[in-house]
Number of protein chains: 2
Amino acid sequence: MSAPTRRERLRTSTLTEIKDEARRLLVTGGPDAISLRAIAREMGMTAPAIYRYFDSLDALVEALAGDLYIELSEIVSAAKHDAGDDPVTQIIAMARAFREWSVAHPAEFALILGSPLPGIVAFQESCDDADHPGVEFGRPFMETINALWLREQYPTPPRSLMEERLAAHLEPLRSGHGEEVPIEVAWAFLSGWTRLYGLVSMEVFHHLRWAVSDPGALFEMELHSYVGQFTGRSDKS
Amino acid sequence: MSAPTRRERLRTSTLTEIKDEARRLLVTGGPDAISLRAIAREMGMTAPAIYRYFDSLDALVEALAGDLYIELSEIVSAAKHDAGDDPVTQIIAMARAFREWSVAHPAEFALILGSPLPGIVAFQESCDDADHPGVEFGRPFMETINALWLREQYPTPPRSLMEERLAAHLEPLRSGHGEEVPIEVAWAFLSGWTRLYGLVSMEVFHHLRWAVSDPGALFEMELHSYVGQFTGRSDKS
DNA sequence: TTGCCATAGTTAACGGCGTTCATTCTCCTA
DNA sequence: TAGGAGAATGAACGCCGTTAACTATGGCAA
């Protein structure tokens with residue numbers, strides 16, 4: 001399994017060089033700036049040569065998106081790992097790591113978590129399989145919120161209501177994370193993830209400029225409010 | 001001020017035909033499918049003729065985005081108006097109207113509320129002026145949450161904490177909606193809006209497919225949870 | 001009524017793009 | 001050492017935004 005041949009080494013090296021150049025173009029000029037000709041030009045090649053490595057421009061962008069998903073997942077997981085054993089501390093660390101990466105890499109964030117480009121739609125569609133990057137990315141959040149639930153049962157909407165209205169539509173999540181996840185955990189995870197995503201993506205996409213001059217302050221306030229739900233501390237002033 | 005000349009009538013008619021065709025292309029083929037040549041082809045014209053009406057493709061897309069913002073704002077305002085006098089009912093109606101329009105018009109949603117395309121960035125930048133579509137869009141939400149606050153003081157993070165950490169960064173919002181808005185209202189508005197946006201945009205962008213088969217059920221559950229914060233009903237199961 | 005001119009529209013062209021095809025070169029292997 | 005697989009090339013096609021020069025035309029003033 002070791003000893004990659006010289007050809008293989010050259011091939012993977014070219015492959016990553018193409019993706020690196022694509023990312024550079026993404027960062028400097030937005031998603032539409034990623035072009036085979038520009039990549040090839042920058043690499044001292046001609047555009048058709050790239051077809052030896054990717055079936056199309058869309059396939060290249062899709063591969064790049066997969067890499068970025070993994071990069072972000074690893075950063076979030078590392079933040080959790082470095083945060084000690086307390087689930088609440090872990091959630092705070094993961095949320096902050098997610099925001100920091102997103103704000104530092106707006107173009108990358110837009111590619112994997114923004115409006116799906118027509119070419120990236122197929123990538124989204126393939127979310128059915130359990131080892132899709134999206135499921136993998138959500139896992140540490142889910143596990144932490146589950147650990148928290150085992151420790152103390154934080155408030156949620158009434159269980160009866162969730163069982164009646166929500167339970168039937170959670171089979172994709174449960175098939176990816178195990179059938180045994182309590183519905184309160186599923187809800188808390190989805191609720192928290194959508195809040196985190198909404199806040200961060202609005203900041204990254206500049207949809208908050210008209211309201212807030214320092215989105216980081218709003219983020220910390222929201223994080224405080226969200227975590228308060230778990231610590232049981234009253235929010236009354 | 002009335003009596004537009006014949007020339008003017010023809011001009012505005014062509015202008016809206018161009019934007020209509022651009023929207024049709026947006027819906028059928030995504031943002032990148034909007035092309036001057038395709039629009040002109042469909043209209044029985046040649047592409048350079050469009051430059052009599054718009055300075056560039058970007059300017060056209062920007063104008064279309066402005067129209068869509070107004071369309072969405074009017075729909076949300078109408079929903080509030082039709083919802084009677086109770087602020088809580090109004091909030092529910094506005095949130096549902098927002099989601100329904102977004103789900104029914106994913107391409108339009110992506111254009112105005114998704115990742116900012118390089119060309120649309122200038123549109124976002126101009127959010128400083130108080131009559132920007134974004135401020136106008138947020139107004140009915142803000143007013144309703146304010147009315148609610150006057151009726152009963154719902155729970156928020158501690159006022160002292162918000163004054164210390166958040167107040168200094170809210171001047172853009174306050175300059176658009178009046179200085180007198182209490183910080184609790186500003187927080188409740190921003191918190192609610194980011195939650196609504198996060199949930200809806202994840203649904204529209206198919207970022208929830210891996211977890212939930214019917215995002216509408218999750219939406220109603222979240223709405224229930226968010227509104228519960230105002231009605232003071234306990235969320236314990 | 002005549003003449004003019006702003007307005008709307010055209011054609012041609014430039015450079016950039018993804019993609020395909022036929023071709024060439026080069027390195028590894030049998 | 002001969003051959004074949006893999007890597008890269010150049011030319012071409014049909015898109016695209018944009019510019020420039022040119023033409024037709026409708027409305028208004030003399």
Side-chain angles (χ1 to χ4, degrees), chain A residues 2-19 21-22 24-26 28-65 111 117-123, chain B residues 2-26 28-65 111 117-123:
Chain A
S2 57
T5 139
R6 170 180 161 79
R7 274 265 242 262
E8 284 170 345
R9 269 186 293 118
L10 282 179
R11 181 173 181 83
T12 60
S13 145
T14 309
L15 210 98
T16 65
E17 189 185 350
I18 292 173
K19 288 193 287 191
E21 198 57 52
R24 233 178 49 82
L25 288 167
L26 169 69
T28 60
D32 292 351
I34 307 178
S35 84
L36 296 183
R37 292 187 128 108
I39 293 169
R41 202 181 306 129
E42 218 70 27
M43 292 177 62
M45 292 201 329
T46 56
I50 300 183
Y51 283 83
R52 292 273 164 199
Y53 301 88
F54 295 97
D55 285 343
S56 66
L57 176 63
D58 281 350
L60 198 172
V61 173
E62 203 171 309
L64 177 58
L111 186 67
L117 306 179
I120 214 71
V121 157
F123 181 66
Chain B
S2 58
T5 135
R6 168 179 164 78
R7 274 264 244 262
E8 283 170 346
R9 270 186 294 118
L10 282 179
R11 182 171 181 83
T12 62
S13 145
T14 308
L15 209 98
T16 66
E17 190 186 349
I18 292 174
K19 287 193 287 191
D20 286 351
E21 197 58 51
R23 181 167 180 175
R24 234 178 50 80
L25 288 167
L26 169 70
T28 61
D32 291 351
I34 307 179
S35 85
L36 296 182
R37 292 187 126 109
I39 294 170
R41 202 181 306 128
E42 217 71 27
M43 292 177 62
M45 292 200 331
T46 56
I50 300 183
Y51 283 83
R52 296 273 168 201
Y53 300 88
F54 295 97
D55 285 343
S56 68
L57 175 64
D58 281 349
L60 198 173
V61 173
E62 205 171 306
L64 177 59
L111 185 67
L117 307 179
I120 214 73
V121 157
F123 180 67

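All chains are named by letter (A, B, ...) in the order of the sequence lines, taking the proteins before the strands, and each is independently numbered beginning at 1. Treat the numbers as computed from the prediction; the structure is a model and nothing was measured.
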Atom CZ of Phe54(B) to atom P of dG9(C): distance rounded to whole Å? 13 Å
Euclidean distance, atom CE of residue Met45(A) to atom P of dG10(D) [Å, nearest integer]: 12 Å
So, is Thr46(A) close to the dG10(D) phosphate, meaning a side-chain N or O under 4.0 Å from OP1 or OP2? no
When you compare the protein's N or O atoms with those of nucleotides 16-19 of chain D, which come within less than 3.5 Å of each other, and at what distance?
from	atom 1	to	atom 2	distance (Å)
dC16(D)	OP1	Ser35(B)	OG	3.2
dC16(D)	OP1	Arg41(B)	NH2	3.3
dC16(D)	OP2	Arg41(B)	NH2	2.4
dG17(D)	OP1	Leu36(B)	N	2.7
dG17(D)	OP2	Leu36(B)	N	3.2
dG17(D)	OP2	Arg37(B)	N	3.1
dG17(D)	N7	Arg37(B)	NH1	2.3
dG17(D)	O6	Arg37(B)	NH1	2.9
dT18(D)	OP2	Tyr51(B)	OH	2.6
dT18(D)	OP2	Leu57(B)	N	2.9
dT18(D)	O5'	Tyr51(B)	OH	2.8

Between atom CD in Glu8(B) and atom C1' in dA8(C), what is the gap in whole Å? 15 Å
Starting at CG of Asp32(B) and ending at C1' of dC17(C), how long is that distance when rounded to a whole Å? 12 Å
To the nearest angstrom, how far is Ile50(B) atom CD1 from dT10(C) atom P? 10 Å
Taking the side chain as every heavy atom from C-beta outward, state whether Leu57(B) and Ile50(B) have any atom pair closer than 4.5 Å. no
Is any side-chain heavy atom of Leu60(A) closer than 4.5 Å to one of Ile39(A)? yes
For the atom pair CE (Met45(A)) and CZ (Arg37(A)), what is the distance rounded to the nearest 0.5 Å? 13.0 Å
Please report the interatomic distance CD1(Ile18(A)) to CZ(Phe54(A)), rounded to the nearest 0.5 Å. 5.5 Å
In whole Å, I'd like the distance from the CD1 atom of Ile39(A) to the P atom of dA8(D). 14 Å
If you round to the nearest 0.5 Å, how far is CD1 of Ile34(B) from CD of Glu21(B)? 11.0 Å
Quick one: Leu15(A) CG to dA8(D) C1', roughly how many Å, whole number? 16 Å
Please state whether the base of dG6(D) and the side chain of Arg11(A) form at least one donor-acceptor pair under 3.5 Å? no
Selection residues 39-54 of chain B - residue pairs positive for salt bridge (charged side-chain N to carboxylate O under 4.0 Å, His left out), sequence neighbours left out: Arg24(B)-Glu42(B)
Integer-rounded Å distance: dA7(D) P and Leu10(A) CG: 9 Å
